[in-house]
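Remarks on the structure that follows.
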Amino acid sequence: MIIGFDVEGSPVLTVSGAGPTPGEVQVVGPRARSRAEVTTVAGGWTARVPLHASRWGGASLPLPGGSYDLVIDGVRMQGDGGQDTEMPAPFHGRTLRASWDGALLRIGPPVDPALASGEGSRALEQRYAAHRGPLENAVFFESFYGRSASDNPLAIDRELARVAPAVTRYWSVVDLSVAVPEGAIAVVDGSPEWWRARGAARLLVVNDWLRRQFVRKPGQVVLQTWHGTPLKRLALHRPGFDPRRALAVFRESRRWDILLAQNPYSARVLRAAYAFRRKPVWVEGYPRTDELHTGDREAVRASLGIDAGEQVLLYAPTWRDDRQTIVDFLDLPALAEATGAVVLVRGHSRTLAPGADERGARVIDVTSYPDLAALQLASDALITDYSSVMFDYSVTGRPMYFFVPDLEHYRGELRGFYFDLADSAPGPVVRTQEELVRAITSGDPGDPERYARWRARFNSRDDGRAAERVVARILDQGLVSRD
């Protein structure tokens with residue numbers, strides 16, 4: 001087993017074996033896989049497996065970090081199948097790192113291991129903290145801790161690139177499998193380039209907590225967009241008092257200069273939950289909902305391999321504090337069969353790394369799809385539980401179904417709510433799969449007046465121009481320069 005490069009300079013895993021030529025050789029991970037080109041040679045065969053792949057019709061990018069099985073004709077290899085499975089040394093390339101431990105191919109980001117932990121990491125942090133150089137006319141974007149280039153930061157990036165193309169745009173990514181917008185510069189989390197970009201950009205646009213050590217440079221501004229109108233209790237409002245959590249919340253919110261809110265309700269909740277009292281909150285709607293007005297529904301469906309006439313259900317539950325992976329309350333193939341629909345299943349960003357793609361007839365796992373707004377646009381109805389996607393999806397006016405078999409446990413023990421979902425939900429609230437199927441197949445959309453009240457309360461500024469307003473404020477206040 002050797003890793004080299006193809007003619008375009010991308011890494012390729014070469015595996016050789018004796019005996020009959022296999023029909024299929026691939027590396028298989030929880031969220032991605034890559035198939036080999038297999039060639040018969042004297043005395044055996046050789047397979048070349050690209051360590052990069054194209055997903056959802058996008059560019060070919062390195063495989064996401066994680067563990068991968070080498071699978072030959074459906075059989076998982078562990079170094080004893082007669083093929084060459086000895087990698088002489090770990091591979092360190094410009095797009096990824098790889099190693100083989102006799103059972104798994106392990107892929108990681110292209111960060112020098114000497115800098116990824118211990119003394120090397122501390123040295124980078126100290127250099128970053130001490131640096132006082134001039135700031136660049138640049139924005140440092142991060143969405144969901146670098147797991148994707150998405151959400152409100154992506155919509156702001158797109159508008160900024162349109163009206164102020166001279167601004168440099170850096171995107172924080174966990175590895176180079178994360179696609180960044182055209183013209184942007186990907187910087188891998190923890191690399192020297194990442195530390196330099198975060199310390200040099202005049203504006204930071206993030207949608208979650210700032211990680212690692214953060215030292216605000218003179219003149220730097222942090223715009224916290226957050227990632228949803230809250231139903232579930234956040235930060236200081238979570239059940240049970242934990243002084244360490246409270247201290248972490250206070251420290252984090254002191255790092256933010258501006259907070260973006262989708263609506264006045266959200267502004268009030270976020271101010272209180274994060275003790276964000278004396279700094280501005282911009283109530284401008286959510287830039288990530290702009291695509292629900294302007295996006296190309298059929299193009300998204302085509303990228304997913306869905307025919308124009310298909311009914312599409314988007315199942316997007318939130319994460320749970322007591323488990324790492326997506327909830328398994330629904331039998332998704334059975335739901336698809338009972339409703340005749342294609343089911344798109346979208347796990348929360350926190351379930352992306354620890355989970356694996358769901359599989360089944362007419363079920364497509366879109367947890368790794370880069371743009372949740374596009375998935376909402378492509379669907380005909382939403383199934384969710386307590387996720388903030390409910391506050392975005394109502395922009396479409398399409399049916400929403402609330403599947404909440406653990407309502408009492410979640411509301412009473414895990415998180416708690418800011419308001420009673422059962423009394424306010426703009427769609428049927430159901431507890432079992434049978435109830436859900438009946439609601440969908442009967443065409444029950446819920447109370448239209450309740451839906452209208454919901455939209456008036458939560459979507460009054462989600463008019464397709466939120467990113468335009470946010471970027472106008474960024475430029476008007478001189479947070480970055482148009483030229």
Derivation of the side chain to side chain donor-acceptor pair (under 3.5 Å) call for Glu193 and Tyr170: CA-CA 10 Å; Glu193 296 80 12; Tyr170 296 108; over 6 Å; no
Does the pair Ile474 and Asp476 meet the rule for a side-chain contact (heavy atoms from CB on, under 4.5 Å), with working shown? CA-CA 6 Å; Ile474 288 171; Asp476 290 347; over 6 Å; no
According to salt bridge (Lys or Arg N to Asp or Glu O under 4.0 Å), does anything in residues 275-287 pair up with another residue at least two apart or in another chain? List the pairs.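 Every pair satisfying salt bridge (Lys or Arg N to Asp or Glu O under 4.0 Å) with a residue in residues 275-287: Glu284-Arg461, Glu284-Arg469, Glu284-Arg473.
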Looking only at heavy atoms, which two atoms of [X] and [Y] are closest? And how far apart?
X	Y	value
Ala184	Trp171	CB-CD1, 3.5 Å
Ala201	Gln220	O-NE2, 2.8 Å
Tyr369	Ser303	OH-OG, 3.2 Å
Ala308	Glu298	CB-OE1, 3.5 Å
Arg398	Gln376	NH1-O, 3.2 Å
Asp257	Val222	OD2-N, 2.7 Å

Using the six-membered ring of [Y], assess whether NZ or CZ of [X] lies under 6.0 Å from its centre and within 45 degrees of the ring axis.
X	Y	value
Arg457	Phe419	yes
Arg33	Tyr68	no
Arg198	Tyr128	yes

CA sep, side-chain torsions, deciding dist, call: Asn263, Ser266, side-chain contact (heavy atoms from CB on, under 4.5 Å): CA-CA 5 Å; Asn263 44 59; Ser266 184; 3.0 Å; yes
How long is the gap from [atom1] on [X] to [atom2] on [Y], to the nearest 0.5 Å?
X	Y	atom1	atom2	result
Asp321	Arg350	CG	CZ	8.0 Å
Leu335	Ile440	CG	CD1	5.5 Å
Asn459	Ser394	CG	OG	3.5 Å
His52	Leu61	NE2	CG	10.0 Å
Leu231	Thr318	CG	OG1	9.5 Å
Phe458	Thr229	CZ	OG1	7.0 Å

Thinking salt bridges, do [X] and [Y] make one under a 4.0 Å N-O criterion?
X	Y	value
Arg158	Asp290	no
Asp307	Arg301	no
Arg211	Asp189	yes
Arg122	Glu125	no

Working note: Arg297 + Asp380, criterion salt bridge (charged side-chain N to carboxylate O under 4.0 Å, His left out); need CA distance, chi angles, decisive distance, verdict. CA-CA 11 Å; Arg297 172 180 167 91; Asp380 297 295; 2.6 Å; yes
Ignoring hydrogens and geometry beyond distance, is a side-chain donor-acceptor pair present between [X] and [Y] at under 3.5 Å?
X	Y	result
Arg106	Ser67	yes
Tyr393	Ser379	yes
Thr367	Asp365	yes
Asp462	Gln262	yes
Ser143	Ser150	yes
Asp151	Thr225	no

Is it true that, when you exclude [X] itself, more than 12 heavy atoms of the residues, nucleotides or ligands shown sit nearer than 6.0 Å to its [atom1]?
X	atom1	answer
Gln324	CD	no
Arg127	CZ	no
Glu408	CD	yes

Should Phe144 and Leu352 be marked as a side-chain contact (heavy atoms from CB on, under 4.5 Å) after you check the CA-CA gap, both sets of side-chain angles, and the distance that decides it? CA-CA 11 Å; Phe144 298 118; Leu352 177 61; over 6 Å; no
So do the side chains of [X] and [Y] get within less than 4.5 Å of each other, counting heavy atoms only?
X	Y	result
Gln311	Val342	no
Ile306	Val312	yes
Arg196	Trp194	no
Val470	Leu260	yes
Trp226	Asn207	no
Arg147	Val178	no
Arg251	Arg254	no
Ile326	Glu358	yes

Can Val430 and Phe402 be said to form a side-chain contact (heavy atoms from CB on, under 4.5 Å), step by step? CA-CA 6 Å; Val430 298; Phe402 297 84; over 6 Å; no
Trp454/Phe391 under ring pair (Phe, Tyr, Trp, His ring centres under 6.0 Å): CA gap, chis, key distance, verdict: CA-CA 9 Å; Trp454 178 281; Phe391 299 99; 5.0 Å; yes
Determine the interplanar angle of the Tyr274 and Trp256 rings, folded into 0 to 90°, and report it as parallel if under 30°, tilted if 30 to 60°, perpendicular if over 60°.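 Ring orientation, 0 to 90° scale: tilted.
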Passing option when Leu382 is tested against Asp392, Val389, Thr396 for side chain to side chain contact (heavy atoms under 4.5 Å, CB included):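 It is Val389, the one option of Asp392, Val389, Thr396 that forms the side chain to side chain contact (heavy atoms under 4.5 Å, CB included) with Leu382.
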Applying side chain to side chain donor-acceptor pair (under 3.5 Å) to Ser424 and Arg450, what does each step give before you reach the verdict? CA-CA 7 Å; Ser424 304; Arg450 182 183 286 188; over 6 Å; no
Taking it one step at a time, do Phe417 and Tyr386 satisfy ring pair (Phe, Tyr, Trp, His ring centres under 6.0 Å)? CA-CA 9 Å; Phe417 296 153; Tyr386 323 113; 5.4 Å; yes
Non-neighbouring partners of Arg323 that pass side chain to side chain contact (heavy atoms under 4.5 Å, CB included), sequence neighbours left out: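 Expected list: Arg320, Val327, Asp328, Phe329.
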Go through the steps to decide whether Asp175 and Ser177 satisfy the test side chain to side chain donor-acceptor pair (under 3.5 Å), and finish with yes or no. CA-CA 6 Å; Asp175 58 38; Ser177 72; 2.4 Å; yes
Is the backbone N or O of Val366 less than 3.5 Å from a side-chain atom of Arg346, with the two atoms forming a donor-acceptor pair by type?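 The answer is yes, because a donor-acceptor pair under 3.5 Å joins these two groups.
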Side chain Ser121, main chain Gly118, donor-acceptor under 3.5 Å: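 Here the side-chain-to-backbone pair does not exist.
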